[in-house]
Amino acid sequence: GQDPSTGLVYTSEPSVESAFNEGTARLDYTISNSQRLFARSFIQEFSYPNSPVKGNMIASNAASPAAIGKYYNEVISHTWLPSAQFVNVATAAWISNIVSSGNQIYTNTGQPFCLSTYINVADPPGCYTEGFSVNNSFSGPWHEPNTDARDTWWFSDHITSTMGKHLLSAGVDFAHQWDNTTTDYAGQMQVNFSGYATGFPLADFLLGDVNSIAQGAYENSPMKGWQL
């Protein structure tokens, strides 16, 4: 709404309906009196949809970026008791966590908002806004696409043995981890209209007189490691 005393317009975040799903499954199987096997699957999924208002950049700026998250935790384990005094447990697991986010701005005709429509620049694919600003007036969202993914493969083998009054335990944990972040930052342009041409930032925006443009390369930063 608008404040009658100042003329300022306040825009709230559009409403959206998010979804959260979770599931767990487990299977236990007794192979023999001395061996047991179990498998377990745990899955989570989260979805927060995009909430753009066509032709209203300010409302889209107030909105949170759309996000999709998926988490998987899968385990299989074998327990072996060759004697009453000795236990061996071997476990293998895979864990994956992937989160993607980003919003796009649309014109009142439903087309993606592209800076090349208003100023003489070449838009990267997608026409996502990143730090678009008009001094003392309004700004666009930093909602460029981002994806964070992490996978972990895990194996452990533990033994426990009873020797008289003593309990001995030994084992090994071995893991391989992989992580990667991909983002359009800073490949999408950061554009500023300061008012240097006319003295009024909004007038510079309407005339297409840009004060500054900053742009870099997309980010792709894979990492991997071993843990023992």
Side-chain angles (χ1 to χ4, degrees), residues 18-50 64-104 124-126 128 130-131 141-163 166-188 215-228:
S18 60
F20 183 85
N21 297 302
E22 179 180 295
T24 304
R26 173 166 175 152
L27 175 66
D28 289 272
Y29 180 70
T30 301
I31 302 173
S32 65
N33 291 335
S34 60
Q35 297 188 70
R36 183 174 67 87
L37 186 71
F38 94 86
R40 191 261 297 144
S41 175
F42 177 72
I43 300 174
Q44 284 184 333
E45 291 188 359
F46 174 79
S47 175
Y48 188 96
N50 193 357
S64 300
I68 297 176
K70 295 184 178 181
Y71 175 78
Y72 302 92
N73 190 313
E74 315 295 333
V75 178
I76 185 170
S77 180
H78 177 263
T79 301
W80 177 44
L81 291 82
S83 69
Q85 291 79 33
F86 187 91
V87 180
N88 175 248
V89 180
T91 303
W94 171 66
I95 303 170
S96 178
N97 190 16
I98 303 172
V99 178
S100 299
S101 63
N103 262 8
Q104 198 164 32
Y128 290 89
E130 183 176 290
W142 292 71
H143 287 171
E144 71 280 353
N146 299 277
T147 298
D148 294 296
R150 171 174 292 182
D151 282 339
T152 300
W153 292 268
W154 184 281
F155 177 78
S156 64
D157 193 3
H158 294 167
I159 60 173
T160 303
S161 179
T162 302
M163 301 179 65
H166 302 280
L167 181 67
L168 301 179
S169 180
V172 61
D173 295 320
F174 180 77
H176 175 60
Q177 293 181 320
W178 176 86
D179 179 88
N180 190 25
T181 297
T182 57
T183 176
D184 275 19
Y185 179 87
Q188 303 292 338
Q215 188 177 27
Y218 294 150
E219 179 184 344
N220 181 41
S221 54
M223 297 183 295
K224 62 181 178 180
W226 300 88
Q227 189 174 29
L228 181 62

Closest contact, heavy atoms only, [X] versus [Y]:
X      : Y      : answer
Ser221 : Asn180 : C-OD1, 3.1 Å
Leu37  : Ser77  : CD1-O, 3.2 Å
Ala93  : Val75  : CB-CG2, 3.9 Å
Gln188 : Tyr128 : OE1-O, 3.1 Å

So how far is it from [X] [atom1] to [Y] [atom2], rounded to the nearest 0.5 Å?
X      : Y      : atom1 : atom2 : result
Glu130 : Glu144 : CD    : CD    : 4.0 Å
Ile95  : Gln177 : CD1   : CD    : 8.5 Å
Phe86  : Ser34  : CZ    : OG    : 12.0 Å
Tyr71  : Ile98  : OH    : CD1   : 12.5 Å
Thr147 : Glu219 : OG1   : CD    : 11.5 Å
His158 : Ser169 : NE2   : OG    : 7.5 Å

- Query: Within a strict 4.5 Å, meaning less than it, do heavy atoms of the Phe42 and Arg26 side chains meet?
  - Reply: no
With no hydrogens and no angle check, do the side chains of [X] and [Y] hold a donor and an acceptor under 3.5 Å apart?
X      : Y      : result
Glu74  : Ser41  : yes
Asp148 : Thr181 : yes
His78  : Asn88  : no
Tyr218 : Asn220 : no

Looking at [Y], is its backbone amide N or carbonyl O close enough to the side chain of [X] to form a donor-acceptor pair, meaning the two atoms are under 3.5 Å apart?
X      : Y      : result
Asn103 : Ala66  : yes
Arg36  : Leu81  : no
Asp157 : Gly171 : no

What do you reckon, is [atom1] of [X] surrounded by more than 12 foreign heavy atoms closer than 6.0 Å?
X      : atom1 : value
Arg150 : CZ    : no
Trp80  : CH2   : no
Asp28  : CG    : yes

- Relative to the ring of Trp153, is the ring of His176 parallel (under 30°), tilted (30 to 60°) or perpendicular (over 60°)? parallel
- Ring centroid separation Phe174 to Trp226 under 6.0 Å: yes
